[in-house]
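Heads up, the thing below is written out as structure tokens.
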Amino acid sequence: MLGKYENFPVNIHFLETFSSTLNSKQLQQKVIQTLKELNRKPFHFEEITIPTIPNSEVIFEFGIAEDECFNFLDDQETNRALNILRSEQILSLDFFCVIRYYKNEPQKRVALKFDYYIFKISFIAKMVEFQIFHKQGPRYIAPEELVTMITDRINKAANKRVLDKNVQENAEF
């Protein structure tokens, strides 16, 4: 089933909830389109968070779950997911995220260790919940920074604030 990862971890590392001005279907579409746009786009570390590695670059790769695997969100997979969302009611979407880090040296770009995250976004009425699991890696970008980056990009893509934090319900485990 698209959007459902059969082996989603029971223990999560970070949980954050938001209120939304969009209905679930509209927000799900925005999420998928935003993650697709972020795929393989290079960012200066400073654009995401306070850099732990000076003069470095960050690249995100997102995949959407389907049963026991994840499909990279390219044009074809994004269109497929959006078509399924138009016809089906989906309460949550699971994603995989690889964060690649590179140190920019004078003559070359040096690959560093990567972070691997699995996350679930649940859509309940006008509420959205992010559950983040850090699978492995140096955690140069923390789970809360990943959520902030994604939600900021969704708000920016919508040309208005569609997600607002529910501060009292955020937790790190």
Side-chain angles (χ1 to χ4, degrees), residues 3 5 7-18 27-66 68-81 92-121 128-159 161-165 167 170-173:
Y5 181 52
N7 299 315
F8 195 86
V10 176
N11 299 321
I12 58 171
H13 297 124
F14 184 73
L15 172 73
E16 189 161 29
T17 59
F18 297 82
L27 187 56
Q28 289 169 348
Q29 292 169 346
K30 284 279 183 223
V31 167
I32 289 172
Q33 291 165 337
T34 300
L35 295 180
K36 188 260 181 202
E37 292 302 316
L38 290 170
N39 264 340
R40 295 194 177 151
K41 181 179 174 186
F43 293 91
H44 294 286
F45 213 127
E46 296 83 2
E47 293 177 80
I48 309 301
T49 187
I50 298 170
T52 54
I53 308 161
N55 194 30
S56 58
E57 187 173 79
V58 177
I59 297 175
F60 295 90
E61 292 185 0
F62 292 97
I64 189 166
E66 186 164 22
E68 295 180 6
C69 63
F70 293 89
N71 302 323
F72 180 74
L73 277 172
D74 58 9
D75 289 335
Q76 181 179 353
E77 190 63 29
T78 300
N79 289 334
R80 179 174 163 257
S92 66
L93 295 170
D94 299 340
F95 296 94
F96 186 71
C97 176
V98 176
I99 306 175
R100 302 181 338 197
Y101 304 101
Y102 296 93
K103 174 107 173 120
N104 293 320
E105 298 289 336
Q107 297 296 322
K108 61 183 174 180
R109 185 170 83 167
V110 178
L112 304 172
K113 292 187 178 192
F114 300 169
D115 273 314
Y116 300 88
Y117 283 97
I118 298 172
F119 63 96
K120 178 184 294 293
I121 305 175
V128 179
E129 180 181 83
F130 283 76
Q131 297 177 26
I132 309 292
F133 176 78
H134 181 254
K135 188 168 176 65
Q136 74 180 55
R139 210 170 177 173
Y140 292 139
I141 293 178
E144 57 270 24
E145 294 167 328
L146 177 61
V147 171
T148 298
M149 189 272 303
I150 292 170
T151 56
D152 286 351
R153 299 291 169 161
I154 291 168
N155 284 331
K156 185 177 179 182
N159 293 324
R161 191 157 199 80
V162 296
L163 291 171
D164 281 315
K165 281 187 183 184
V167 179
N170 300 341
E172 187 162 357
F173 301 91

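- Legend: residues meeting side-chain contact (heavy atoms from CB on, under 4.5 Å) with Asp152, ordered by chain and number and at least two apart, are Thr148.
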Which donor-acceptor pairs under 3.5 Å do side chains of residues 47-55 form with protein atoms, sequence neighbours excluded?
unit_1	atom_1	unit_2	atom_2	d
Glu47	OE2	His44	N	2.7
Thr49	OG1	Glu145	OE2	2.4
Asn55	ND2	Asn104	O	2.6

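- Not counting sequence neighbours, the partners of Asp94 by the salt bridge (Lys or Arg N to Asp or Glu O under 4.0 Å) test are Lys120.
- Partners of Gln136 by side-chain contact (heavy atoms from CB on, under 4.5 Å), not counting sequence neighbours, listed by chain and number: Tyr116.
- By the salt bridge (Lys or Arg N to Asp or Glu O under 4.0 Å) test, Glu66 pairs with Arg80, sequence neighbours left out.
- In this structure, Ala81 and Ile64 approach most closely via the heavy-atom pair CB-CD1, 4.4 Å.
- Applying the salt bridge (Lys or Arg N to Asp or Glu O under 4.0 Å) rule to Lys36 yields the partners Asp75; only residues at least two apart in sequence or on another chain are considered.
- Remark: Phe43 engages Phe60 in a ring pair (Phe, Tyr, Trp, His ring centres under 6.0 Å) (not counting sequence neighbours).
- Taking the six-membered ring where the residue is Trp, the centroids of Phe119 and Phe14 are separated by 6.0 Å or more.
- Every residue two or more places apart in sequence or in another chain that forms a side-chain contact (heavy atoms from CB on, under 4.5 Å) with Lys113 is listed here: Pro138.
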Checking ring pair (Phe, Tyr, Trp, His ring centres under 6.0 Å) for the pair Phe18/Phe130: CA distance, chi angles, key distance, verdict? CA-CA 8 Å; Phe18 297 82; Phe130 283 76; 5.6 Å; yes
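- For Phe70, the ring pair (Phe, Tyr, Trp, His ring centres under 6.0 Å) partners are Tyr5, Phe96, not counting sequence neighbours.
- Asp164 meets the salt bridge (Lys or Arg N to Asp or Glu O under 4.0 Å) test with Arg161; sequence neighbours excluded.
- With sequence neighbours excluded, the residues forming a side-chain hydrogen bond (donor to acceptor under 3.5 Å, both in side chains) with Tyr102 are Arg100, listed by chain and number.
- Residues forming a side-chain contact (heavy atoms from CB on, under 4.5 Å) with Glu105 (at least two apart in sequence, or on another chain): Lys103, Lys108, Val110.
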